[in-house]
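In what follows, a single structure is set out as structure tokens and then discussed.
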Amino acid sequence: MGALSGLRILLVSKFYRRGGGDCVHLLALERLLRSKGHEVAVLTMSHPDNLPLPPGSFEVPRVMIDGTPVQKVRAAARVLGGGGVVAVARRAMREFRPDIVHIHNIHSYLSPAVAVEAHKAGARVVWTLHDYKLVCPAYSFRRGGEVCERCLENPRSVVTTKCMKGSLAASVLAYVEARRWNRKSIENVTDAFICPSAFMREKMIRGGFSESKLHVLSNFLPDEMSEYAPGTRSGVCYVGRLSAEKGVRTLLEVASGSSWQLAVAGDGPERKCLESIYAACENIRFVGNLSVGEVHSLLRRSRLSVVPSECYDNNPLAAIESLCVGTPVVGAAIGGIPELIGEGNGALFTPGDSVSLAEAIGGMLARDFDYSAIAAESRRRFSADSYYDALQSIYLEKNGLL
């Protein structure tokens, strides 16, 4: 379709900072939309770690989920649509007058009340799904370290299993939130949902959401992504959060019994424990948090990267970045990961299975890859222009603007 410019687009996200993949995507999307001639504003929660907001943006007062009892009460009110979020959303609709309100990761710190106010104001509401919150009150389809889909059939299960942080109070609040913002109430005010993976779309359909509103569109390559560069490669790397659901323990177990080198980049709740356990392993290096450029440099120097998730990872940025610098990926066959990996650019293994992972890595290290070809194909596949072409159709569908 031909390019269209001049829309007023309000991006809504609970944080406006460089953090996880959802934050990276939001910042890249803002730059992309501006480059295409659109006027963009941001609605977010006030936070000391936020980047400087664009002129004309809007901030909702900060709430603290893990604060004092009074702060927790305010946070609970925010979950249900209180705490000032409605007033700020109404002001944004009145002052910015958006054509499109594009919602991202908002739960707990903002509220779906923003979508309600946008719908009332006549804006088209598009929602990119970065997690499974709309069909799993605990976000992740995990309970007790295992995959769990009980809430697809009965959201009350979040209470009986206490799977929201292992806390009855937090689980009750998650259930109340799910009842307050149920499928019907969300779907009635949202024109289109963007699912970054077909896997996520299937889960949303199982949760009762209308197929016609669910669009599969993978996230795109951020514009600061380093160019492919030929060079000497060695070893294996992991880039990501150091937490149980990411499968890092399984990867480290395999690496500790191998001869290949493993570089582990990232931080998280398990970092200190894992560093202590594997301190004596000379072939394992924990390199901590890296800048964007340092991450890309590590990926370019590695023969392959590993995405060992043991949760329903949706559309991991680590895999996309790796492929776009030509580095093959060994990925767990779970969530949306298999949609990113094919015979020519990586291999899959059974999640949580150390034998399967060891075999996959060994097989990959024994192969020769055309790193340049992997990079070129991936950059086409995950290009910002391809993403934008598809996004235009979603933005303008049934809006009388096509």
Side-chain angles (χ1 to χ4, degrees), residues 12-15 22 43-47 60-90 101 103-120 125 127-190 193 200 203-210 213 245 311-312 314:
V12 184
S13 174
K14 61 186 180 184
F15 299 128
D22 59 322
L43 191 158
T44 189
M45 184 185 75
S46 175
H47 196 281
V60 173
R62 184 184 181 188
V63 293
M64 302 177 69
I65 292 175
D66 298 319
T68 66
V70 172
Q71 290 171 330
K72 289 180 179 179
V73 170
R74 290 174 180 165
R78 175 65 54 78
V79 163
L80 301 179
V85 68
V86 171
V88 174
R90 287 176 179 171
V101 173
I103 293 173
H104 290 267
N105 197 348
I106 62 169
H107 281 283
S108 299
Y109 296 96
L110 291 180
S111 166
V114 177
V116 174
E117 296 306 317
H119 178 73
K120 288 179 181 178
V125 179
W127 193 325
T128 291
L129 303 169
H130 294 282
D131 58 36
Y132 302 94
K133 179 67 174 178
L134 297 186
V135 287
C136 170
Y139 297 89
S140 61
F141 284 124
R142 276 177 67 84
R143 176 174 60 88
E146 303 291 336
V147 169
C148 172
E149 297 186 355
R150 292 174 62 175
C151 282
L152 279 174
E153 307 300 330
N154 180 13
R156 191 186 297 272
S157 296
V158 70
V159 176
T160 58
T161 61
K162 294 189 291 188
C163 58
M164 187 68 172
K165 301 181 179 180
S167 163
L168 178 59
S171 298
V172 168
L173 181 59
Y175 174 66
V176 172
E177 181 183 16
R179 289 294 301 271
R180 170 65 181 87
W181 302 111
N182 57 46
R183 180 198 59 77
K184 184 177 180 180
S185 67
I186 293 291
E187 202 166 48
N188 283 346
V189 298
T190 306
F193 298 95
M200 170 165 273
K203 294 302 176 200
M204 292 294 290
I205 291 171
R206 282 191 57 198
F209 282 78
S210 171
K213 289 192 175 186
E245 76 278 5
C311 62
Y312 284 163
N314 177 18

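Computed from a predicted model, the values in this text were never measured in an experiment.
Of the inter-residue distances, the one linking H47 atom NE2 with R62 atom CZ reads 4.0 Å to the nearest 0.5 angstrom. Atom NZ of K203 is separated from atom OH of Y132 by 8.0 Å, given to the nearest 0.5 angstrom. Here CG of L129 is found 8.0 Å from CG of N314. Values are rounded to the nearest 0.5 Å. In this structure, the separation between CZ on R156 and OG on S171 is 13.5 Å, given to the nearest 0.5 Å. Interatomic distance, CG of L43 versus NZ of K14, reported as 14.5 Å (0.5 Å rounding). The CE atom of M45 lies 13.0 Å from the OG atom of S111; values are rounded to the nearest 0.5 Å.
Smallest separation of non-hydrogen atoms from V125 and A118: CG2-CB, 3.7 Å. Contact detail for I103 and A115: the closest heavy-atom pair is CD1-CB, 3.5 Å. Taking both residues in full, the closest heavy atoms of H130 and N105 are given as CD2-N, 3.8 Å, listed atom of the first, atom of the second, then distance. A113 and V85 get closest at one heavy-atom pair: CB-CG1, 4.3 Å. H107 and P112 get closest at one heavy-atom pair: CE1-CG, 3.7 Å. The minimum heavy-atom distance linking T44 with S13 is given by the pair OG1-O, 2.8 Å.
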Which pairs of donor and acceptor atoms, one on a side chain in residues 138-146, lie under 3.5 Å apart (sequence neighbours left out)?
{"unit_1": "Y139", "atom_1": "OH", "unit_2": "S108", "atom_2": "OG", "d": "2.6"}
{"unit_1": "R142", "atom_1": "NH1", "unit_2": "E310", "atom_2": "O", "d": "2.7"}
{"unit_1": "R142", "atom_1": "NH2", "unit_2": "G145", "atom_2": "O", "d": "3.3"}

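The closest side-chain heavy-atom distance from M204 to L134 is below 4.5 Å. For the pair I106/V114, no side-chain contact is recorded, criterion being any heavy-atom separation below 4.5 Å from C-beta on. In this structure, W181 and V116 have side chains that are in contact, with non-hydrogen atoms separated by less than 4.5 Å.
Although no hydrogens or angles enter the test, the distance criterion places no donor-acceptor pair under 3.5 Å between the side chain of N154 and the main chain of C151. Looking at R179, its side chain never comes within 3.5 Å of a backbone N or O of P155 through a donor-acceptor pair.
The salt bridge (Lys or Arg N to Asp or Glu O under 4.0 Å) pairs that include a residue from residues 127-139 are K133-E177, where partners are two or more places apart or lie in different chains.
Classification of the F15-Y109 ring pair by plane angle, with boundaries at 30° and 60°, yields tilted.
Partners of K213 according to the salt bridge (charged side-chain N to carboxylate O under 4.0 Å, His left out) rule, which considers only residues two or more places apart in sequence or in another chain, do not exist here.
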